[in-house]
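Below is one structure; the comments refer to it alone.
No hydrogens, no waters, no symmetry mates; every other heavy atom, side chains included, goes into these values.
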Amino acid sequence: MEAQEILSQLNEEQRKAVEASEGPVLILAGAGSGKTRALVHRIAYLIDVLGVSPGRILAITFTNKAADEMRSRVDQMIGFGSGEIWVSTFHSLCVRILRRYAELLGYTRYFSIYDSDDQLSVMKSLFKQKQIDTRYMKEKGILARISSAKDELISPEKFSRIHTDFYGAKVADLYRSYQDRLSENNAMDFDDLICNTVRLFETHPDVLGVYQERFRYLMVDEYQDTNTAQFRLVSLLAGKYRNLCVVGDDDQSIYKFRGANIRNILSFEEIFPDAVVVKLERNYRSTGTILDAANEVIHHNRGRKDKRLWTKNPEGSKLRFRTFSNGFEEAEYICGEIASAVRSSSRCYRDCAVLYRTNAQSRLFEEKMIMANLPYRIVGGINFYSRKEIKDILAYLKTVDNGSDNLQVQRIINVPKRGIGGSTIQKIADFADEGALTFLEAAGRAADIPGISAAAAKKVEHFTDLIGVLRAKAEVGSISELLRKLLELTGYVEELEAEGTEEAQARIENINELISKTVQYEEEREHPTLSGFLEEVALIADIDTVSEDDDRVLLMTLHSAKGLEFPLVFMAGMEEGLFPSSMAINSDDPMEEIEEERRLCYVGITRAKEQLTLTCARERMTRGERRRSEVSRFIREIPRELMELEGEREAKAGRKLELSGWGVNAGMRQALDALPPEKPAPQAALYGGQLSARAGEPSSPSSKAGETGTVDYAEGDTVRHVKFGSGTVLELKKSGKDYLVTVDFPSWGVKKMIASMARLAKVGQGDGSW
DNA sequence: TATATAGTGTTTTTT
DNA sequence: ACACTATATA
């Protein structure tokens with residue numbers, strides 16, 4: 001592609017960003033300003049115009065999803081060689097480097113990657129070993145301290161030098177022991193991946209040199225969210241040729257809690273005085289109104305780089321703000337709005353996103369989405385890979401791959417139950433410590449361990465034999481074959497089948513899903529390895545698996561929404577104490593933390609392309625108690641004239657206001673009243689969403705409410721619901737064109753639902769005697 | 001050793 | 001509200 005052709009597709013500022021190919025470049029890219037476009041064109045320009053070999057380019061993104069998108073867009077532009085470009089996240093980049101040079105740091109190439117559950121297990125066992133009273137310190141608290149130390153590249157030794165007080169010394173000691181334990185297990189946690197790569201480069205200049213030569217051109221996206229360790233890594237890599245282009249927006253810095261250092265972006269020009277600075281301030285995403293609101297809110301922050309987004313997009317409709325008496329009604333309203341948007345206009349479910357501050361809020365929405373039969377997907381929260389059954393199976397695979405990983409071996413030695421108890425496990429662990437063996441090696445010699453009965457030793461031997469067989473299988477077979485063998489020999493699935501519960505069935509489906517993931521991995525990789533698969537599993541974020549061609553409403557936290565956009569956005573829970581969180585309000589430095597919350601609010605607002613709805617609940621159940629709260633200060637920071645408040649639209653249309661704000665849910669009733677005849681809704685989730693909420697499957701409506709204004713069941717009948725199973729209809733009440741059905745589900749309690757949305761199937765006639 | 005039950009304690013955000 | 005932990009008991 002010609003230079004002219006590449007540049008002609010860009011605005012003046014974007015063009016500057018593309019043409020400044022050499023030396024340090026800082027691109028301050030406001031929300032929706034086409035920064036990915038600029039980056040993609042920059043890469044195309046480097047390759048096609050300047051003749052840079054694709055393999056010399058490294059682009060670091062925040063998520064795998066962003067990396068995939070960037071790669072495919074470059075592919076579309078230049079049509080070749082994009083596979084050679086390194087586009088990855090910090091973590092996957094580091095793993096790739098570390099696998100090659102792990103030996104230099106005292107690990108093997110099969111090192112495990114520990115997630116937060118694994119970290120917690122290690123810390124718990126250290127607490128036990130050191131007999132630490134959890135009233136004085138908490139495992140998670142210590143892990144947080146260690147994590148922030150690593151973000152700042154502070155080693156255990158340095159930590160103990162800095163913190164000489166009693167508590168600090170205690171943390172330092174735990175930090176040291178924690179690192180030792182991880183080394184023994186040939187394991188690294190997420191933070192280690194970055195730190196160890198920095199350590200590798202700093203202690204092995206020759207290795208650093210290899211990568212400096214290799215990556216002549218570096219680009220870092222979401223630069224405002226890099227921490228000190230990541231900054232150091234980037235500085236080292238760019239140290240020789242200095243072709244470093246960073247893209248970010250200080251207003252979207254929302255990961256301070258994870259060590260993000262906003263100074264990295266604010267002082268880029270001081271560190272690189274010759275930096276070319278480009279500001280992208282034209283927004284291509286949102287309506288004028290949405291942008292005005294965003295600008296006003298963020299303007300309340302101090303100490304930011306001066307900028308103001310503008311757009312040529314139409315003004316669009318006003319923001320909507322609604323309050324409800326509780327979280328249920330809030331969720332009902334949002335579901336109703338989404339249902340009516342999909343039915344009455346040409347919206348798809350995937351045009352809509354519900355954003356909230358905390359994962360806990362997703363529950364309410366999930367329930368209402370199921371009842372309303374809306375296809376949805378919850379991003380984040382309870383991760384697929386953190387489910388018990390998945391963690392168990394993965395622990396087997398990790399044991400096969402890395403026998404030094406004592407944590408995993410101990411997890412599965414008695415799963416499924418083999419009659420090996422805690423005391424036997426402890427004796428093996430002690431024996432391992434004494435003889436400097438791994439736990440698995442010690443288990444292999446169970447018969448020699450004093451205190452272990454012959455019967456117990458026999459059981460342990462069965463386990464170690466099993467691992468041996470699986471190891472042999474791993475040598476010759478594929479990952480999916482290994483997995484099937486594993487399931488066959490352990491009888492894991494059989495045990496679940498024997499349980500016969502719905503829950504066990506869901507677990508089996510999850511395991512099947514895991515099998516397909518291994519198959520999928522093997523198909524898409526040229527050289528699939530067990531380590532590679534396990535690493536992918538560890539580093540894949542939930543958001544990475546969100547697909548564009550999947551027609552569902554997306555539910556996620558504001559943090560997860562960064563980098564995404566939707567025509568219709570709902571921001572729920574706009575309440576003081578929730579957003580901004582009470583943590584921020586009551587912190588030592590409320591000013592600083594509330595500014596971070598405000599940036600989060602800014603991120604949320606700027607996700608919306610056409611319509612933004614903000615909602616709040618006056619009362620909410622949190623941790624088992626009812627709490628009332630005031631409307632969020634962020635609402636008050638949005639100019640009144642940009643918002644349409646409760647009842648205003650109805651007033652204009654000459655409607656009655658009697659329902660506004662109170663009542664069951666005025667919004668939903670309105671939406672329902674305005675609905676055209678129902679169009680068939682896709683099948684809703686079966687087992688709590690994530691995996692099984694499938695859209696687009698042919699629906700088999702068994703009740704035909706709405707269209708005909710009738711339902712084929714009556715009070716007393718038994719009906720079936722997709723999630724709640726069967727229940728008895730207690731009450732059937734006409735409400736407008738629809739019916740309000742009250743059903744008693746034995747295991748879920750009494751639920752009220754809208755007939756046209758709940759799609760209840762009649763399964764039995766009532767005998768009239770209930 | 002395995003299971004049932006009472007008691008305990010919950011940082012909001014995540015690679 | 002909920003999950004996890006320690007304890008008692010079979």
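Using a 4.0 Å heavy-atom criterion, one finds that A/K256 contacts no nucleic acid atom at all. Using a 4.0 Å heavy-atom criterion, one finds that A/R599 contacts no nucleic acid atom at all.
A salt bridge links A/E597 to A/R357: at least one charged side-chain nitrogen sits closer than 4.0 Å to a carboxylate oxygen. With salt bridges taken as basic N to acidic carboxylate O contacts below 4.0 Å, none links A/E593 and A/K256. A salt bridge is absent between A/R618 and A/E575: the closest approach of a Lys/Arg side-chain nitrogen to an acidic carboxylate oxygen does not fall below 4.0 angstrom. Ion pairing between A/K391 and A/D115 holds under the 4.0 Å rule for side-chain N and carboxylate O. Salt bridge status for A/E495 with A/K417: absent, with no side-chain N to carboxylate O gap under 4.0 Å.
In this structure, the side-chain hydrogen bond (donor to acceptor under 3.5 Å, both in side chains) partners of A/D250, at least two apart in sequence or on a different chain, are A/K307. A/F257 is linked by a ring-ring contact (aromatic ring centres under 6.0 Å, His included) to A/Y255, A/H559, counting only residues two or more places apart in sequence or in another chain. Applying the side-chain contact (heavy atoms from CB on, under 4.5 Å) test to A/R418 and every residue at least two apart in sequence or in another chain returns A/Y396, A/N414, A/P416, A/I420, A/F463, A/L466, A/T490.
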request  = Give the B/S/- string for nucleotides 9-15 of chain B, one per nucleotide from 5' to 3', where a protein heavy atom under 4.0 Å of the base yields B, of only the sugar-phosphate yields S, and otherwise -.
outcome  = -BBBBBB
request  = Test salt bridge (Lys or Arg N to Asp or Glu O under 4.0 Å) on A/D542 and A/R377 and set out the steps.
outcome  = CA-CA 11 Å; A/D542 208 24; A/R377 159 88 195 258; 3.2 Å; yes
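Taking a 4.0 Å limit (strictly below) on heavy-atom distances, residues 407-426 of chain A reaches DNA chain B at A/N414, A/K417, A/G419, A/G421, A/S423, A/T424.
Between A/F201 and A/Y211, the two ring planes are tilted [angle within 30° to 60°].
When the C1' atom is compared between C/dT5 and B/dT12, the two are found 24 Å apart, to the nearest whole Å.
Taking 4.0 Å as the cutoff to heavy atoms of chain A, we find the contact window on DNA chain C bounded by C/dA1 to C/dT5.
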